[in-house]
Amino acid sequence: MKLIFLGPPGAGKGTLAVRAVELLKIPHISTGNIFRAAIASKSELGLKVKGIIDEGKLVDDRTTTALVREALAILKGGYILDGFPRTIPQAEALGEFVSVDKVINFDIPDDKVLSRLGGRRTCRSCGANYHIVFGKPKQEGVCDSCGGGLYTRDDDRKDAIAKRLEVYRSQTAPLIAYYRGRNLLVDVDASPSVDEVVANFKTALGL
Ligand code: AMP
């Protein structure tokens, strides 16, 4: 199954992807994780995108689409695309080389997004997400899955969060109508606890 996870930053797409990977046995491709790994390794790509990402803006369509095309070329079965596409031109480019089965639209009000992003902590090694109130790790500052150190992403700071929400509304939210018009969109209420969102997700996919 080829799925796209759509939704504002902080909707819990990454957290749900971890559960969906277990459930569906397909890989999770997160453009944000790919960019953060490039930044950590100080590669040419990482140096190019660091400032853009820290400010909460989008990396250009050409760079992002080329990256995704390369990542998908080596995959044979299904996958979850998380954080891509984020603009109509990206969706159009993707449509030229992939036919997706469903687009999951994680629906969540702004106030929840703000509280989730404000308290988010991310693993430097594997990218897993935690929250200082809603999803604490067993040991403070340490990732449950891989033992990596947890940190606050630069783009989870207040000014960058506001920018990311503005970018989401202007550039990414139009994808909801784009995919609804193609009968691919399924809405999932992303406000409740992770277990409830997983249940909503399974229902949406008819699992
Ligand atoms: P995420 O982890 O999905 O929140 O992505 C973190 C940041 O990476 C975003 O705020 C963008 O700066 C960049 N990014 C991730 N995916 C894309 C994309 N599809 N198009 C452009 N920029 C992206």
Side-chain angles (χ1 to χ4, degrees), residues 2-18 20-21 27-41 43 45-72 79-98 100 103-106 108 110 112-114 116-131 148 150-176 178-179 190:
K2 292 176 180 152
L3 299 176
I4 290 174
F5 279 11
L6 190 65
K13 302 186 294 295
T15 305
L16 195 82
V18 174
V21 163
H28 166 218
I29 313 295
S30 154
T31 40
N33 284 355
I34 297 174
F35 286 136
R36 280 184 289 280
I39 292 170
S41 70
S43 67
L45 173 69
L47 296 175
K48 175 174 156 184
V49 302
K50 183 173 178 1
I52 301 170
I53 292 181
D54 286 353
E55 282 180 42
K57 296 179 184 161
L58 292 186
V59 177
D60 67 279
D61 289 334
R62 184 194 280 258
T63 302
T64 312
T65 303
L67 199 80
V68 171
R69 190 189 269 268
E70 197 185 336
L72 298 188
Y79 41 76
I80 296 165
L81 267 181
D82 165 12
F84 184 94
R86 254 179 160 100
T87 65
I88 297 280
Q90 288 180 13
E92 284 171 346
L94 180 71
E96 284 169 19
F97 59 94
V98 162
V100 294
V103 178
I104 312 295
N105 177 38
F106 292 94
I108 185 164
D110 280 3
K112 288 232 165 179
V113 163
L114 292 174
R116 283 189 184 177
L117 289 179
R120 180 157 75 177
R121 299 291 179 269
T122 301
C123 175
R124 256 186 218 290
S125 305
C126 73
N129 288 319
Y130 297 86
H131 191 278
L150 305 185
Y151 77 114
T152 302
R153 283 168 42 175
D154 284 336
D155 61 348
D156 277 347
R157 298 182 196 284
K158 230 177 176 176
D159 49 338
I161 290 175
K163 179 70 191 167
R164 285 161 72 203
L165 278 175
E166 179 201 315
V167 166
Y168 170 77
R169 283 191 207 102
S170 62
Q171 301 201 53
T172 308
L175 291 174
I176 296 174
Y178 178 90
Y179 284 120

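Fair warning: this is a prediction, and the values are worked out from it, not measured in the lab. Ligands are counted one by one from 1 in listed order, and the atoms in each one are counted from 1 as well.
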Quiz: residues 3-14 side-chain donor-acceptor pairs under 3.5 angstrom, not counting sequence neighbours:
residue	atom	partner	partner atom	Å
Lys13	NZ	Gly7	O	3.0
Lys13	NZ	Pro8	O	3.1

Who passes ring-ring contact (aromatic ring centres under 6.0 Å, His included) against His28, sequence neighbours left out? none
Gln90 side chain to Arg86 backbone, donor-acceptor under 3.5 Å: yes
Residues with a heavy atom under 4.0 Å from ligand 1, by chain and number, are Thr31, Gly32, Phe35, Arg36, Ile53, Lys57, Leu58, Val59, Thr64, Gly83, Phe84, Arg86, Gln90, Arg153, Asp155, Arg164
Indicate whether the side chain of Thr152 and that of Arg120 have a donor and an acceptor atom separated by less than 3.5 Å. no
Qualifying residues under side-chain contact (heavy atoms from CB on, under 4.5 Å), relative to Ala91, sequence neighbours excluded: Pro85, Leu175, Tyr178, Tyr179
Pairwise side-chain contact, Asp154 with Lys50, heavy-atom cut-off 4.5 Å (strictly under): yes
